[in-house]
Participant: 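I have a structure here, written as structure tokens, and I will follow up with some questions on it.
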Amino acid sequence: MDSTKETSNTYKEDLLLRMGLNDNKAGMEGLDKEKINKIIMGATKGSRFYGNELKKEKQVNQRIENMMQQKARITSQQLREAQLQVDRFAMELEHCRDLSNTIVHVDMDAFYAAVEMRDNPELKDKPIAVGSMSMLSTSNYHARRFGVRAAMPGFIAKRLCPHLIIVPLNFDKYRVVSKQVGICLAPTSICSWVSCRIRSQLQMPRQDWPEERRRYFIKTGNSKTTSELTTYLTSIEYELSASPLLFEDSPPDLQPPGNPSQVNCKEQNKLQIPQKSVVFGTSAEEVVKEIRFRIEQKTTLTASAGIAPNTMLAKVCSDKNKPNGQYQILPSRQAVMEFIKDLPIRKISGIGKVTEKMLKALGIITCAELYQQRALLSLLFSETSWHYFLHISLGLGSTHLARDGERKSMSVERTFNEINKAEDQYSLCQELCSEIAQDLQKEGLKGRTVTVKLKNVNFEVKTRASTVSSVVSTEEEIFAIAKELLRTEIDVFGYLVFLVKQTKNTNKGASLASYRLGTKLCQPLGVQERRLIKISV
DNA sequence: TACATACAC
DNA sequence: GATGGTGTATGTA
């Protein structure tokens, strides 16, 4: 076990990186990180959670050490050869660079928090977060100034910001708003979306649209007018959805919405709506402004957006002018490379904490540095990984939006407080099996692999899986398998948590590739004790 | 196929 | 007092 000294000295920096404030998020620039980290560490140090993080951190450090040893064994001859090979590949990629698509990534600002603030005016101007004392899903920008952010436990957030108001999650509400946002995009283009994040591919020019089609009337506070206008807006949307949305790059007809002085105030006699109106242009930028305008009119919430030649860049761009802003990378190689140059790799979707740290050990922080080290990376990482890195450093990414494929797994997982008796664990397992069975039935799916996931009080996680020859889907079938998996673990280790998973189904039609079912139970007292009892027996 | 890791949201 | 839940991909054995 680690001595206290080792813990406090050797890994201090590492742990701050792992446990301290992650400010890689909009609205968290220029915070007093040191002060915030002090509070976070004060709240977490000595906890079981902290102990497990320490352990995981050591594993990452070991990985890095292995990598560095491997690096030390690389000869300059090997490096030269790698350089040639990588550059040949890079040239091919360059040759295939496609700047002809326009990808838009729309991202709602502090989504859950914004919904809660909208629905409860008392929360306006106050620091709020959505979630529980155990875990927060998101926070508003006010709270972010205190270092309060998503994935932080509420009790720690409270220490950072004692006045923080924590609102419980209302998934049903977010689902409704999420759908409304989807409708705002539907007429625009081909679009695919996950939760409140939306990617949209603008496809066809709309330069021949009459201005009337691109005109919107601003909602006002007046309730009667608002209702009229809403009706009108709805009818416009209906019209839009009946035709493809078109655009091409051309100067905007008007300034951005949201700035009253720039709003067009023409009379609309024909429509008998004497209100302010706004007309959007036909460029990509204008279309995106229009999308964001529609979202705001429909939901009273703001969204940010990125416009770029591929999905990787569009995603990064959507964060650049958050909240309530947008950013475009023009479709030229130069614009792309200029944008990429000093961009920290951590900003790219898919580069997380661990990858960031490993690359940092190689002196890589920015995309330009990622490119410089391309030969070395090809020798240290798997083909999949270095290809991925190379794409990033060239500013390349997917230029089309994949349709949602069929699901590959399904799971249910829950963390519990205290379960002392094995029989209680079995019955909880059965409950989860029942839930999964229902979920499977809802989608008409079946699976072949059942996985049980266990987590003990020290946050150690293990998974145990079993694949059967024919598909299963009922509570009884699944529980029979899960129970066996669980039994082995309880008997041997006295573990407290479990999970079940299932994969691959050959049925056609209503079928599922796989599903997963999980449970986690926590038992504060048990592990050591139980293990001892087992041994003594 | 089994298991662990990393990542996103 | 207290550190989530769901899903995907990948590496390795």
Side-chain angles (χ1 to χ4, degrees), chain A residues 18-19 22 24-25 40 43-45 47-53 56 59-60 62-63 107-108 110-112 130-138 149-159 166 168-169 171 174 178 193-198 315 319 346-358 381-385 387-388 402 404-418 432 435-436 439 448-455 457-469 485 489 497 499 501-504 512-520 522 524:
Chain A
R18 174 174 278 271
M19 322 233 17
N22 173 357
N24 180 32
K25 189 151 183 79
I40 295 178
T44 195
K45 222 163 187 171
S47 65
R48 296 186 203 254
F49 180 81
Y50 178 82
N52 193 246
E53 290 299 300
K56 289 196 282 183
Q59 286 172 16
V60 172
Q62 187 58 57
R63 265 180 80 178
D107 194 331
M108 296 301 290
F111 187 47
Y112 297 172
V130 180
S132 68
M133 278 303 247
S134 301
M135 186 52 60
L136 301 180
S137 288
T138 190
R149 56 157 300 159
M152 177 181 276
F155 71 93
I156 290 182
K158 274 277 195 188
R159 293 210 196 175
I166 298 180
L169 286 154
F171 279 118
Y174 314 143
S178 198
W193 59 314
V194 190
S195 178
C196 58
R197 261 90 180 166
I198 296 158
K315 173 111 174 32
D319 195 57
R346 184 67 165 88
K347 292 278 181 191
I348 279 115
S349 176
I351 308 272
K353 217 173 359 194
V354 175
T355 312
E356 176 190 32
K357 191 173 178 186
M358 298 224 294
F381 288 83
S382 71
E383 191 177 72
T384 320
S385 295
H387 280 192
Y388 170 61
D404 289 344
E406 58 172 6
R407 78 147 75 225
K408 294 177 175 167
S409 71
M410 186 181 280
S411 71
V412 176
E413 150 180 4
R414 205 150 300 152
T415 300
F416 299 92
N417 270 338
E418 243 182 85
L432 295 182
E435 284 177 36
I436 277 282
D439 292 348
R448 283 185 53 230
T449 303
V450 174
T451 304
V452 175
K453 172 177 166 186
L454 307 141
K455 184 195 278 182
V457 285
N458 294 318
F459 294 91
E460 291 161 339
V461 172
K462 58 168 69 176
T463 61
R464 294 292 175 260
S466 170
T467 300
V468 292
S469 51
L485 291 166
E489 297 306 314
V497 183
L499 165 149
K501 165 178 177 170
Q502 186 170 4
T503 14
K504 269 184 194 169
L512 158 67
S514 74
Y515 83 91
R516 183 172 96 197
L517 192 172
T519 317
K520 293 191 202 170
C522 279

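Keep in mind that the numbers below use all heavy atoms, side chains included, and drop hydrogens, waters and symmetry copies.
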Participant: Indicate, with a heavy-atom threshold strictly under 4.0 Å, whether K56(A) touches base, sugar-phosphate, or nothing.
Facilitator: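 Counting heavy atoms under 4.0 Å across all strands, no contact is made by K56(A).
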Participant: Where the side chain of V354(A) is defined as all heavy atoms beyond and including C-beta, which of dA6(B), dT3(C), dG5(C) is the nearest nucleotide?
Facilitator: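 When the side chain of V354(A) is considered, dA6(B) is the closest of dA6(B), dT3(C), dG5(C).
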Participant: With respect to the phosphate group of dA8(B), does any side-chain polar atom (N or O) of K353(A) fall under 4.0 Å of OP1 or OP2?
Facilitator: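 So the side-chain polar atoms of K353(A) never come under 4.0 Å of the phosphate oxygens OP1 or OP2 of dA8(B).
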Participant: Does any part of the side chain of E435(A), heavy atoms only, come nearer than 4.5 Å to the side chain of R414(A), both counted from C-beta?
Facilitator: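 Yes. Closest side-chain heavy atoms under 4.5 Å.
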Participant: Side chains of N52(A) and K56(A): closer than 4.5 Å at any heavy-atom pair?
Facilitator: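 Side chain of N52(A) against side chain of K56(A), heavy atoms only: contact under 4.5 Å found.
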Participant: Does dT6(C) have its OP1 or OP2 closer than 4.0 Å to a side-chain nitrogen or oxygen of R407(A)?
Facilitator: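 False: R407(A) side-chain N/O out of range (4.0 Å or more) of dT6(C) OP1/OP2.
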Participant: Would you mind reading off the distance between R414(A) atom CZ and dA2(C) atom P, rounded to a whole angstrom?
Facilitator: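 R414(A) atom CZ is separated from dA2(C) atom P by 21 Å.
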Participant: If you check the A465(A) side chain, which of dG11(C), dG4(C), dA2(B) turns out closest?
Facilitator: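 Taking heavy atoms from C-beta onward, the closest nucleotide is dA2(B).
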Participant: Return the set of residues passing side chain to side chain contact (heavy atoms under 4.5 Å, CB included) with M19(A) (not counting sequence neighbours), or none when no residue passes.
Facilitator: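 Only L15(A), M41(A), T44(A), F49(A), Y50(A), E53(A) meet the side chain to side chain contact (heavy atoms under 4.5 Å, CB included) criterion with M19(A).
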Participant: What nucleic acid atoms does I348(A) come within less than 4.0 Å of, heavy atoms only: base, sugar-phosphate, or nothing?
Facilitator: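 Sugar-phosphate: the residue I348(A), judged by heavy atoms under 4.0 Å, touches backbone atoms but no base.
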Participant: Using side-chain heavy atoms (C-beta onward) and a distance below 4.5 Å, is L169(A) in contact with M135(A)?
Facilitator: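 Not in contact.
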Participant: Under 3.5 Å, is there any donor-acceptor pair linking the side chain of T44(A) to the base of dT3(C)?
Facilitator: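 By the distance-only test, yes, there is a pair.
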Participant: Would you give the length of the straight line joining atom OG of S178(A) to atom CE of M108(A), rounded to the nearest 0.5 angstrom?
Facilitator: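 Those atoms lie 8.5 Å apart.
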Participant: Which nucleotide sits closest to the side chain of P153(A): dT6(C), dT3(C), dG4(C)?
Facilitator: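 Taking heavy atoms from C-beta onward, the closest nucleotide is dT3(C).
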Participant: Taking only N and O in the side chain of T463(A), is any of them less than 4.0 Å away from OP1 or OP2 of dC3(B)?
Facilitator: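 False: T463(A) side-chain N/O out of range (4.0 Å or more) of dC3(B) OP1/OP2.
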Participant: Can you check the R63(A) CZ to dT10(C) P distance for me, whole Å?
Facilitator: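 My rounded result for the distance is 15 Å.
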Participant: Side chain of E413(A), heavy atoms from C-beta onward: which of dA2(C), dA8(B), dG5(C) has the nearest atom to it?
Facilitator: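 In terms of side-chain proximity for E413(A), the closest of dA2(C), dA8(B), dG5(C) is dG5(C).
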Participant: Whole angstroms only, please: what is the CE-C1' distance between M135(A) and dG1(C)?
Facilitator: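 About 15 Å, once rounded to whole Å.
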Participant: Quick one: is S132(A) getting a side-chain N or O under 4.0 Å of the dG4(C) phosphate, OP1 or OP2?
Facilitator: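 S132(A) to dG4(C) OP1/OP2: no side-chain N or O under 4.0 Å.
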Participant: Among dT3(C), dT8(C), dC3(B), which nucleotide has an atom closest to any side-chain atom of R464(A)?
Facilitator: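 Output: dC3(B).
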Participant: Take atom OH of Y174(A) and atom C1' of dG5(C), then tell me their distance rounded to the nearest Å.
Facilitator: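 It is 15 Å, rounded to the nearest whole Å.
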Participant: Can you tell me which nucleotide in dA4(B), dA6(B), dT3(C) comes closest to the side chain of K462(A)?
Facilitator: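 Shortest atom-to-atom distance from the side chain points to dA4(B).
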Participant: What is the distance, to the nearest angstrom, from the CE atom on M152(A) to the P atom on dC9(B)?
Facilitator: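 In whole Å, dC9(B) P and M152(A) CE are 18 Å from each other.
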Participant: So, is S409(A) near the phosphate of dT8(C), with a side-chain N or O under 4.0 Å from OP1 or OP2?
Facilitator: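 Checking S409(A) against dT8(C): at least one side-chain N or O falls below 4.0 Å of OP1 or OP2.
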Participant: Working to the nearest 0.5 Å, report the span between CD1 of I348(A) and NZ of K315(A).
Facilitator: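 One gets 10.5 Å once the value is rounded to the nearest 0.5 Å.
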Participant: Where the side chain of Q59(A) is defined as all heavy atoms beyond and including C-beta, which of dC7(B), dT5(B), dC9(B) is the nearest nucleotide?
Facilitator: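 Among dC7(B), dT5(B), dC9(B), the one nearest the side chain of Q59(A) is dT5(B).
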Participant: If you compare every side-chain N and O of T415(A) against the phosphate oxygens of dG5(C) (OP1, OP2), does one of them come in below 4.0 Å?
Facilitator: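 Looking at the OP1 and OP2 atoms of dG5(C), one of them is under 4.0 Å from a side-chain N or O of T415(A).
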Participant: Distance check, C1' atoms only: dG4(C) and dC7(B), in whole angstrom units.
Facilitator: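 Nearest-Å result for dG4(C) against dC7(B) at atom C1': 15 Å.
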Participant: Please determine, for the side chain of T467(A), which listed nucleotide (dG11(C), dA2(B), dT3(C)) has the closest atom?
Facilitator: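 Closest of the options to the side chain of T467(A): dA2(B).
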Participant: The side chain of T384(A) is closest to which nucleotide in this list: dT10(C), dG4(C), dA6(B)?
Facilitator: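 Side chain of T384(A) sits closest to dT10(C).
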Participant: Send over the distance from F171(A) CZ to dT6(C) C1', rounded to a whole Å.
Facilitator: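 Between C1' of dT6(C) and CZ of F171(A): 10 Å.
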Participant: Taking atom C1' of dT5(B) as reference, at what distance in whole Å does atom CE of M358(A) sit?
Facilitator: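 Nearest whole value for this atom pair: 10 Å.
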Participant: How is I351(A) classified with respect to the nucleic acid when contacts are heavy atoms under 4.0 Å: base, sugar-phosphate, or nothing?
Facilitator: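 Sugar-phosphate contact only.
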Participant: Could you check whether any side-chain heavy atom of N24(A) comes within less than 4.5 Å of a side-chain heavy atom of K347(A), counting everything from C-beta outward?
Facilitator: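 Contact flag for N24(A)/K347(A) side chains = yes.
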Participant: Rounded to the nearest Å, what distance is computed from the CG atom of residue N458(A) to the P atom of nucleotide dT3(C)?
Facilitator: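 Taking atom P of dT3(C) as the reference, CG of N458(A) is at 12 Å.
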